[in-house]
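Hydrogens, waters and symmetry mates play no part in the numbers below; they use all other heavy atoms, side chains included. Within every chain, numbering begins at 1; the chains are lettered A, B, ... in the order of the sequence lines, protein sequences first and strands thereafter.
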Amino acid sequence: MNELDALYRELILDHSKHPQHFGLADASAGEASAGEGRIGESYQKNPVCGDEITLRARVDGETIADVTWEGRGCSISQASASMLADLVAEEGLSRAEAVALIEGFREALRSRGQLELDEDVYGDAAALSGVSKFSARVKCAMLAWVALEDAIAKA
Amino acid sequence: MNELDALYRELILDHSKHPQHFGLADASAGEASAGEGRIGESYQKNPVCGDEITLRARVDGETIADVTWEGRGCSISQASASMLADLVAEEGLSRAEAVALIEGFREALRSRGQLELDEDVYGDAAALSGVSKFSARVKCAMLAWVALEDAIAKA
Amino acid sequence: MTTATSETPAAAATDPLDAAALARDFPILSEQVNGHRLVYLDSGATSQRPLAVLDAERDFLTHANAAVHRGAHTLAAEATELFEDARATVAGFVGAAPEQLVWTSGATLGLNLAAYSLGAALRLGPGDEIVTTAIEHHANLIPWQELAARTGASVRYIPAHDDGTLDLDAAAELIGERTRIVAFTHVSNVLGIINPVEKLIALAQAVGAVTVMDACQSAPHLPLDLPALGVDLAAFSGHKMMGPYGVGGLYGRAEVLESMPPFLTGGSMITTVTLEGAQYLPPPQRFEAGTQPIGPAIGLAAAVRYLDGIGLERIHAHEVMLAERMRAGLAEIPGIRLLGDAAGAGNAPRVGLWSFDVEGVHAHDAGQFLDARGIAVRVGHHCAAPLHARYGVTASVRASTALYNTPDDVDVLLDAVSGIRPYFGV
Amino acid sequence: MTTATSETPAAAATDPLDAAALARDFPILSEQVNGHRLVYLDSGATSQRPLAVLDAERDFLTHANAAVHRGAHTLAAEATELFEDARATVAGFVGAAPEQLVWTSGATLGLNLAAYSLGAALRLGPGDEIVTTAIEHHANLIPWQELAARTGASVRYIPAHDDGTLDLDAAAELIGERTRIVAFTHVSNVLGIINPVEKLIALAQAVGAVTVMDACQSAPHLPLDLPALGVDLAAFSGHKMMGPYGVGGLYGRAEVLESMPPFLTGGSMITTVTLEGAQYLPPPQRFEAGTQPIGPAIGLAAAVRYLDGIGLERIHAHEVMLAERMRAGLAEIPGIRLLGDAAGAGNAPRVGLWSFDVEGVHAHDAGQFLDARGIAVRVGHHCAAPLHARYGVTASVRASTALYNTPDDVDVLLDAVSGIRPYFGV
Ligand SMILES: Cc1ncc(COP(=O)(O)O)c(C=O)c1O
Ligand SMILES: Cc1ncc(COP(=O)(O)O)c(C=O)c1O
């Protein structure tokens with residue numbers, strides 16, 4: 001597999017074409033319909049290309065109940081947001097786990113190809129390991145994760 | 001003669017130690033005591049070293065009657081002012097002659113050693129020819145001449 | 001690929017240039033990127049430097065380096081002469097006299113200098129208007145917005161037509177009695193279109209407004225005679241015209257420069273300083289506070305000598321040929337939309353660059369795909385976000401050429417671009 | 001001449017350095033001037049560059065040059081990494097974190113940025129006071145005078161004693177409730193004295209004033225830890241510290257930088273731009289409008305690595321040794337008056353430079369005489385006119401050393417200086 005294909009894995013292109021949990025959950029209706037919890041929202045932008053994301057996390061006690069998002073950008077940034085939202089939905093993470101996960105993700109992406117993300121831990125998002133060899137794209141992949149970090153801090 | 005000695009000719013050091021026509025002729029008393037004419041004055045400064053000169057020219061009709069000056073600075077700038085004042089005193093120049101003389105002086109000094117000043121025309125000031133090889137010192141030698149140019153334009 | 005042509009002086013101005021041969025003057029162009037020959041199509045961001053430029057700067061630094069204008073010692077005198085010769089050379093390159101050229105660190109500084117200093121010179125205030133265009137680079141946009149915010153003046157924008165050309169009727173309406181400054185780019189760094197700046201200057205002159213031109217994208221690509229053009233101030237950057245980083249020029253008409261107070265203050269721009277205050281030298285020194293980029297200035301002089309040696313007419317003709325080849329090729333690739341394709345046929349006069357949108361593929365992904373083939377293009381909003389908003393995109397791909405690009409470079413690009421949408425499955 | 005010493009890690013910090021060997025890293029130092037070996041004693045104006053710096057910049061330009069932060073292509077990514085590594089390196093050199101270092105074109109720009117931006121951040125107005133000293137370089141003087149003129153604030157000056165040291169009692173009086181900014185030089189470029197900046201910082205902190213330090217003449221000569229010093233902002237120039245022209249740094253404490261609005265505006269410092277206005281990135285990018293001096297920044301990183309490789313303690317010790325040799329020698333020559341010869345014995349801590357007056361001979365003439373022997377010194381007011389006025393002269397001769405100067409250089413100077421007055425017949 002050449003480096004380009006390692007960056008654009010099938011899974012990434014799939015997520016970017018069919019983004020999961022896209023569309024912000026109604027924040028006001030939150031408590032009544034979508035369940036208990038506090039809502040944290042974050043808007044992040046990559047100033048170079050104008051890519052942007054708005055992410056909403058519902059935190060129920062210490063648990064991240066769900067994540068929804070909206071945004072536009074390159075396939076990496078879109079896939080990354082989609083995969084992150086999936087991961088939260090599947091794993092039912094605590095705040096502390098989420099923070100650790102985000103830190104681990106950041107570290108791997110900044111490793112210049114040294115660290116691989118573990119599929120057992122990161123699910124589909126492990127396919128983003130290849131991004132770490134493309135320093136200019138690390139920001140794209142990080143966008144949603146930074147937004148989650150910020151959103152749960154606010155929730 | 002080495003280049004330094006060509007720059008600092010005996011004549012130059014003499015003039016700088018015994019500046020001629022130093023001390024401004026009283027401008028107000030001008031018409032009554034020192035003779036007829038209009039007074040033009042110019043202040044010039046070399047911003048790099050702070051050297052400065054104030055020069056007063058009395059112009060009687062079309063003739064430059066006399067030049068007096070005050071100032072402080074390096075031996076080149078002082079000698080040049082002294083020699084210029086001498087030249088005016090000795091030659092009784094017309095405005096037009098003075099302007100031509102100043103232009104010729106400027107040209108020689110900017111010639112990077114290509115042009116020599118004619119002693120018959122420039123008197124002692126011809127000794128300043130050597131300055132033209134030292135581009136950083138041309139300004140020093142020009143200071144008084146620029147002041148005269150300005151002063152007669154104002155007179 | 002063009003072939004070398006024998007030159008007679010009379011024919012030189014129109015002789016096609018041998019880009020492949022010229023490319024050998026640029027060491028970096030023989031680099032390999034991702035296993036491919038580097039195809040550098042990002043000269044709009046920064047050009048590459050010929051050996052002559054690298055050597056001029058190094059020669060200076062190893063033989064004559066010293067602080068200028070302030071020392072009597074031999075090196076300082078030599079450095080001062082080289083530095084002032086460089087000023088004369090670069091000024092001459094845009095048709096100007098040495099004292100009309102202010103050294104800056106680049107176009108951004110030149111435009112900021114213009115904004116701050118004109119704001120003070122004109123005593124701008126509420127009711128005054130600054131007119132610029134909706135297609136400016138941020139460097140010729142935000143300084144005016146900030147000036148307006150500081151002074152209470154307002155900014156008005158000349159809109160662009162769908163084809164990328166400026167709406168001159170709107171310009172004639174906008175530029176009126178209240179207009180104090182008219183700022184515009186000569187060539188858009190996104191659209192590549194050469195704007196009808198004579199017309200803008202005429203409109204501004206009719207109302208007594210000061211004109212400020214961003215010449216970043218014209219100086220390396222078109223013959224310029226700024227005094228003949230009649231513009232008041234014009235800024236350009238060395239690094240976009242084969243010169244070093246860290247140097248640029250601000251051209252100014254003598255009366256306009258005279259009227260402007262200093263912007264940056266410090267050493268070497270004063271006549272007298274006391275604890276009470278300072279008096280300033282005349283232009284250009286008035287605007288050159290502190291140690292100037294001496295090595296870069298000498299490098300830039302070598303760069304414009306290099307450009308002049310080839311001839312700007314020839315460079316322009318070459319780049320227009322490349323642009324037309326690019327346009328024709330891109331137009332045939334499904335899903336490619338060119339920004340600013342005037343009249344659908346590239347009819348507006350232009351330089352050698354095109355920006356485009358790849359339908360269904362984000363510019364970042366498209367750029368990444370091209371990079372894997374050794375092709376360096378620029379992706380993003382190219383510091384012209386409002387322009388992109390005008391054309392309904394947030395980012396685009398820009399391929400920009402210079403004298404060292406060959407038709408083969410364009411063909412490599414075209415071949416690769418045709419593979420983008422298939423690769424991403426759209 | 002010092003002799004090479006074998007180094008053990010433990011001894012390295014105090015081992016004398018072998019200046020003659022280091023001088024061979026600087027190609028220009030083997031030039032002949034007027035038939036003599038060049039004795040370069042004008043490093044206070046601009047230092048010379050070692051090959052390592054020239055090569056770092058050239059390597060970059062021939063292998064990796066591209067615009068940073070804006071391209072996805074390989075060269076752009078490589079250039080961005082080199083550029084940001086350079087930031088980390090230069091920040092680390094003054095003890096700072098990368099995000100505390102703003103690239104500038106030089107100290108003059110850094111100090112102007114500080115003045116303009118602090119003026120806005122602090123909403124300076126009538127009644128507010130800016131305190132600086134009477135011995136500043138114009139670059140740390142006129143920007144404050146102009147800021148005061150723009151805002152209605154006033155500037156007050158800490159005077160100097162006859163021996164060149166600052167009057168700290170007066171400083172304690174001057175720095176009070178109304179003081180908003182205290183600006184001072186770490187080392188005077190004329191006197192060579194290292195000012196007691198910790199004391200000034202403490203006085204400023206006690207009244208909540210922002211401190212701005214001119215580190216031009218300390219950064220290349222003393223080990224610096226700016227965060228430990230506690231200063232808010234500090235500016236330095238690349239070309240005075242073995243680096244290229246066209247680059248410098250402005251260090252800032254995080255909270256202070258955060259509080260400051262942008263000064264120059266343009267590309268690469270924004271998050272969002274519309275025709276209505278712009279939003280800005282956090283520091284340091286907020287202050288870095290437009291294309292940065294990428295090559296020069298990479299060159300400056302090589303320069304500080306070179307300095308660090310030798311060790312600033314050793315460099316300082318070496319230069320102090322040269323200064324003491326110079327002082328002792330000059331003191332014996334009739335008619336030489338040293339500026340700032342604290343307590344008649346050079347007791348104030350200092351760097352390796354001395355300025356002096358030659359009785360009866362103008363500085364220009366003295367400099368010319370030295371130049372004829374291949375000795376490059378600076379003559380004039382060294383952009384510190386008020387300081388010269390304070391000591392009753394308009395111009396002086398300055399001999400300033402760097403790590404590549406040998407005791408032999410000093411001896412050549414001393415021999416020549418003793419010939420000045422006889423030559424001019426005084
Ligand atoms: C003490 C001091 N401050 C400021 C400056 C200005 O530095 P630059 O001219 O590199 O901007 C200098 C050098 O000229 C200096 O010696
Ligand atoms: C049209 C235009 N104006 C201004 C600039 C700013 O130039 P610089 O970043 O060199 O200051 C650029 C380049 O980025 C440009 O293309």
Side-chain angles (χ1 to χ4, degrees), chain A residues 1-19 22 43-54 69-83 109 112-113 127-146, chain C residues 32-36 42 44-45 137-139 141-142 189-190 339 355-398 416-417 419-426:
Chain A
M1 190 161 56
N2 68 31
E3 290 210 342
L4 193 71
D5 295 342
L7 176 65
Y8 292 113
R9 302 236 172 106
E10 204 55 45
L11 206 53
I12 292 181
L13 295 182
D14 278 355
H15 270 276
S16 81
K17 275 178 216 146
H18 310 289
F22 192 95
Y43 169 79
Q44 297 292 328
K45 175 160 182 168
N46 184 341
V48 176
C49 50
D51 287 3
E52 49 192 3
I53 191 171
T54 305
W69 63 284
E70 257 174 31
R72 51 181 181 174
C74 66
S75 58
I76 304 292
S77 70
Q78 301 300 291
S80 182
S82 172
M83 290 162 161
L109 261 72
R112 307 189 179 191
L128 291 163
S129 293
V131 177
S132 77
K133 283 199 185 140
F134 296 83
S135 62
R137 307 305 298 278
V138 171
K139 256 193 196 157
C140 311
M142 284 304 307
L143 209 60
W145 301 64
V146 169
Chain C
Q32 294 279 315
V33 169
N34 298 321
H36 297 266
D42 197 15
H137 187 281
H138 297 164
L141 174 67
I142 315 182
N189 66 314
V190 179
L339 299 187
S355 298
F356 54 93
D357 179 47
V358 183
E359 201 192 310
V361 181
H362 189 278
H364 250 179
D365 296 321
Q368 199 75 60
F369 179 86
L370 298 177
D371 182 56
R373 302 205 182 181
I375 304 165
V377 296
R378 180 86 181 277
V379 298
H381 54 51
H382 320 311
C383 298
L387 182 156
H388 279 80
R390 163 69 180 82
Y391 293 104
V393 288
T394 49
S396 66
V397 178
R398 180 183 70 188
V417 170
I420 294 174
R421 294 176 81 236
Y423 182 84
F424 289 100
V426 288

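Of the two parts of Ala363(C), neither the backbone nor the side chain holds a non-hydrogen atom closer than 4.5 Å to a non-hydrogen atom of chain A. Both the backbone and the side chain of Leu4(A) come within contact range of chain C, each with at least one heavy atom under 4.5 Å from a heavy atom of that chain.
By the side-chain contact (heavy atoms from CB on, under 4.5 Å) test, Ala385(C) pairs with His138(C), His381(C), Val273(D), sequence neighbours left out. Remark: Asp14(A) pairs with Glu10(A) by the side-chain contact (heavy atoms from CB on, under 4.5 Å) rule, at least two apart or across chains.
With ring centers used as reference points, Phe424(C) lies under 6.0 Å from Tyr8(A).
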Report task. Apply side-chain hydrogen bond (donor to acceptor under 3.5 Å, both in side chains) to the pair His362(C) and Asp51(A), showing each step before the final yes or no. Result -> CA-CA 10 Å; His362(C) 189 278; Asp51(A) 287 3; 2.7 Å; yes

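You'll find the side chain of Asp365(C) reaches within 4.5 Å of the side chain of Ile76(A), heavy atoms only. Between Tyr423(C) and Asp5(A) the shortest side-chain heavy-atom distance falls below 4.5 Å.
Counting heavy atoms of neighbouring residues, nucleotides and ligands inside a 6.0 Å radius, atom NZ of Lys133(A) does not exceed 12 of them.
Taking each heavy atom of His364(C) and Cys74(A) in turn, the nearest pair found is CB-CB, 3.7 Å.
Between the CZ atom in Arg72(A) and the OG1 atom in Thr394(C) there is a gap of 5.0 Å [rounded to 0.5 Å].
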